[in-house]
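Only one structure is covered here, and it is reproduced in the block below.
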Amino acid sequence: MSILSFLTGEILETADVTLRDYAVTGFFGIAAFLLFIFLQLLGSRLYVKITESGQIGPKVFVIVLLVLGVSGTVFSCFIHHNESSLVLGFASGLFIWTALCEIPEQMKWISSLSRSAVLVFLPLILLWTLGILLFRSIPAAVFGATGYPLCVWGIHLARVRVISKWGPSSLAATILILLTATLAGGALALGIVHGTIFSGIIGGVIFAIATWSALEVIWERGMAERPWKH
């Protein structure tokens with residue numbers, strides 16, 4: 001066998017493995033995206049059912065979700081594989097976000113339009129970034145569990161405040177749609193390029209979050225035109 005033939009075979013074999021890894025990662029990324037959308041829809045329907053029971057229902061729901069989120073974060077800290085620990089922490093962050101931010105805002109307990117929301121968010125995202133850069137001994141699960149709420153909160157704050165100040169049909173809203181779409185595509189692409197199942201899942205979830213936010217701005221734009229009058 002010539003050296004050229006040997007090198008050609010090695011290159012093709014490597015490319016085949018790489019493409020297979022990309023395909024698997026892409027599959028899990030798309031599956032994570034679809035699962036996130038399903039959970040969003042399921043959570044919305046469940047929330048409506050719970051609110052029909054009065055004020056006590058949402059409070060119990062918040063406590064249950066918070067316990068699940070904190071318990072999942074603690075459990076994932078004991079997993080030695082960093083990527084799997086990060087993904088489980090990321091999933092726990094979904095429960096924490098829903099318990100501390102999404103339901104309280106739906107119940108009018110907090111507001112993203114208040115100045116205090118921004119004043120709380122900015123120091124938290126700064127501390128989270130410094131923690132990643134300076135404290136490598138902190139388990140990856142903790143960064144995942146705190147990173148998910150901060151990521152969603154940042155996108156949510158931007159969307160709500162842009163729509164409130166300039167309107168869904170403004171240039172600012174259009175730029176926001178383009179930025180969130182860029183974030184969605186970049187997250188999915190980076191997750192697939194990294195080539196692991198866990199990176200694909202995280203990329204798919206971030207893709208879903210950003211896509212959902214962009215679609216909400218588009219929906220608000222459609223509602224602003226009052227289509228029911230036509």
Honestly curious: do [X] and [Y] fall in one hydrophobic cluster under the side-chain, below-4.5 Å linking rule?
| X | Y | value |
| --- | --- | --- |
| Ile79 | Ile138 | no |
| Leu176 | Trp166 | yes |
| Ile163 | Leu178 | no |
| Ile132 | Leu134 | yes |
| Ile96 | Val142 | no |

Side-chain heavy atoms of Val87 within contact of Ser84, under 4.5 Å: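 No, too far: nothing below the 4.5 Å cut-off.
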Say you draw a straight line from [atom1] of [X] to [atom2] of [Y]; how long is it, rounded to the nearest 0.5 Å?
| X | Y | atom1 | atom2 | value |
| --- | --- | --- | --- | --- |
| Leu88 | Phe75 | CG | CZ | 7.0 Å |
| Leu127 | Thr146 | CG | OG1 | 10.5 Å |
| Ile30 | Ile201 | CD1 | CD1 | 13.0 Å |
| Leu66 | Thr98 | CG | OG1 | 10.5 Å |
| Leu65 | Phe95 | CG | CZ | 7.0 Å |
| Tyr148 | Ile202 | OH | CD1 | 12.5 Å |

Check against side-chain hydrogen bond (donor to acceptor under 3.5 Å, both in side chains), Ser112 and Glu105: CA-CA 8 Å; Ser112 296; Glu105 185 166 10; 2.9 Å; yes
[X] side-chain N/O to [Y] backbone N/O, donor-acceptor pair under 3.5 Å:
| X | Y | result |
| --- | --- | --- |
| Ser71 | Leu68 | no |
| Thr174 | Ser170 | yes |
| Trp153 | Phe121 | no |
| Ser85 | Ser76 | yes |

task: Measure across Ala117 and Ser111 and return the closest heavy-atom pair with its distance rounded to 0.1 Å.
output: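 Reported closest heavy-atom pair: CB-O, 3.8 Å.
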Ala173 to Gly167 - nearest heavy-atom pair and separation: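 Smallest heavy-atom distance, with atoms named: CB-O, 3.5 Å.
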- prompt: Leu183 and Leu179: side chain to side chain contact (heavy atoms under 4.5 Å, CB included), yes or no, with the steps?
  reply: CA-CA 6 Å; Leu183 174 63; Leu179 288 176; over 6 Å; no
field: Contacts of Glu102 that satisfy salt bridge (Lys or Arg N to Asp or Glu O under 4.0 Å) - sequence neighbours left out
entry: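 Salt bridge (Lys or Arg N to Asp or Glu O under 4.0 Å) list for Glu102, sorted by chain: empty.
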- request: Would you list the pairs meeting side chain to side chain donor-acceptor pair (under 3.5 Å) in which at least one residue belongs to residues 179-193, sequence neighbours left out?
  value: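 The answer is none; no pair qualifies.
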Indicate every side-chain donor-acceptor pair of residues 204-214 with a distance under 3.5 Å to a residue at least two apart or in another chain.
| unit_1 | atom_1 | unit_2 | atom_2 | d |
| --- | --- | --- | --- | --- |
| Thr211 | OG1 | Phe207 | O | 2.6 |
| Trp212 | NE1 | Glu216 | OE2 | 3.0 |
| Ser213 | OG | Arg159 | NH1 | 3.0 |

